[in-house]
Amino acid sequence: MSCNTIGLGLVGFGTVGSGVWETLQRNGALISNRAKGTIQPEVKKIAVRDLKKQRDTKAPAELFTTDWQAVVSDPSVDIVVELIGGTTTAYDIVAAALKAKKPVVTGNKALLAERGESLFALSKEMDTPIHFEASIAGAIPIVKAIQDSYVGNEINSMVGIINGTSNYILERMFDAGLGYDEALQEAKDLGYAEADPTLDVNGWDAAHKAILLATLAYGFTIDPKKVYVRGIERVRRTDIDFATKLGYIMKLLCIVRSNADGSIELRTQPSFIPKQHILSNVNGVFNAVALHADAAGDALFYGRGAGQGPTASAVVADIIETCYATQESAGNRGFLPYKDSGEVVDINETETPYYVRFQVTDRPGVIAEIAQILADAGIGISGTNSPIDPNNPDAEFVQLVFLLHTCPFGQLRETLAKIEALECVTERPTVFRIENI
Ligand code: HSE
């Protein structure tokens, strides 16, 4: 086979785009050797917003343009690599590339989770693949694992820590005693957080990835409106202190699980997990997905989930995969949904034990009033705690923690609404699930 130069068009040259450039420069010869000299990927064009911006990574000036359409339509560009993020212009870029029958490589989980239905349909119609390994868990090859390595398995569950920023923030709050804002700033400085970290901390970055995991494993695209998502913004030191005291670690967890009736459970929220569970040792920017499959059994995927090098590693892997497919005329090797629809379980029907913290007025009978409402609802209490602040023993308000036995989330919600209406309860109760994983 002769050597085949494959032209790449990069749209976006930020943290990840410049990481892709650097990786290809550094390891181009290695990649070519591994492909037995048959492929040579080469960046032909780069679209950026601002040509004058000072960049640490230097690429030849003649490659740059501000016009993404010029990248997609350039005859020397065979593969379009979308790395700008967002769901509007990115959508137009991916759609235009597919219509031009140019395979797409993207790291954009929001785009595929929110608008995947129409993009995958276009991918099918044009017989042109979308590759998105970099969208989920950075350098961890989880897309490839589900699509290829576990192709002979029914995937029963995936429990993931798949937002590096949240994981980093929680760890710094737990171990270094940092405040939330300080820890978030560190994550930004290290290049883990998205340009706008809102989706990192409100749970949606992880939820988008979980939606894609579920789509890969169960074959249908999922309406994000059906997915329960909570982020880490409401986590306070006091919850972390309680978790520690009770022998738990708090993690932003994504749960994806199939039920016997074919429906799936899909949710993202900060949860308590036992300190001795393997996932509690996933720290900093690291991600992990604990997967259970019917034939393979348990597996744990672990690696860096964010940052320039790890994300670029996944993008480059997809580029090379696409190059192979282009050369072998192997047709569409990207993912395509294979079922029209499926059922996502209502969050109110999902069950776990819970940690609930109430801020209450410190007066006689408060615990009894709350306990009575829980008893009337048939929700059992497995433990209570009420720390006294030694610096402020006569505080007007105190924190009351209840550990509750397993019950449906809907039942808990209804019951908490009644408790919240008590005059002694002074703010919305804080709830964390205690996961049985
Ligand atoms: N901002 C993401 C994270 C990285 O913190 O995990 C890319 O998804």
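All values below come from the heavy atoms of this structure, side chains included, with hydrogens, waters and symmetry mates left out. Being a predicted model, the structure only gives us computed values, none of them experimental. Each ligand, and each atom within it, is numbered from 1 in the order the structure gives.
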Original post:
Closest non-hydrogen protein atom to atom 2 (C) of ligand 1, residue and atom name please, with distance?
Top reply: Glu194 OE2, 3.3 Å
Subject >> Electrostatic pair Lys251:Glu171 at N-O distance under 4.0 angstrom >> reply: no
Subject >> Numbering as shown, the atoms of ligand 1 that approach Lys109 to under 4.0 Å (heavy-atom distance) >> reply: 7 (C), 8 (O)
Original post:
Is Lys209 close to ligand 1, meaning an N/O of one under 3.5 Å from an N/O of the other?
Top reply: yes
Original post:
Can we call the ring centroids of Phe402 and Phe358 under 6.0 Å apart?
Top reply: yes
Original post:
Can you find a heavy atom in the side chain of Ile249 that is under 4.5 Å from one in the side chain of Leu279?
Top reply: no
Subject >> Exercise: identify the closest heavy-atom pair between Lys275 and Ser280 >> reply: O-OG, 2.5 Å
Original post:
Which word best sums up how the rings of Phe286 and Tyr302 line up, parallel for under 30°, tilted for 30 to 60°, or perpendicular for over 60°?
Top reply: parallel
Subject >> Heavy-atom nearest option to atom 6 (O) of ligand 1, drawn from Gly164, Gly107, Ala193 >> reply: Gly164
Original post:
For atom 5 (O) of ligand 1, what is the nearest protein heavy atom, given as residue, atom name and distance?
Top reply: Thr165 OG1, 2.6 Å
Subject >> ligand 1 contact on Asp205 by region, counting heavy-atom pairs under 4.0 Å >> reply: side chain
**OP:** Output the list of atoms in ligand 1 that are nearer than 4.0 Å to some heavy atom of Asp200, sorted by atom number.
**Re:** 1 (N), 2 (C), 3 (C), 5 (O)
**OP:** Number the atoms of ligand 1 from 1 as they appear, then name those within less than 4.0 Å of a heavy atom of Tyr192, with their elements.
**Re:** 1 (N), 2 (C), 3 (C), 4 (C), 5 (O)
Subject >> Pairing of Lys44 and Asp74 as salt bridge, 4.0 angstrom limit >> reply: no
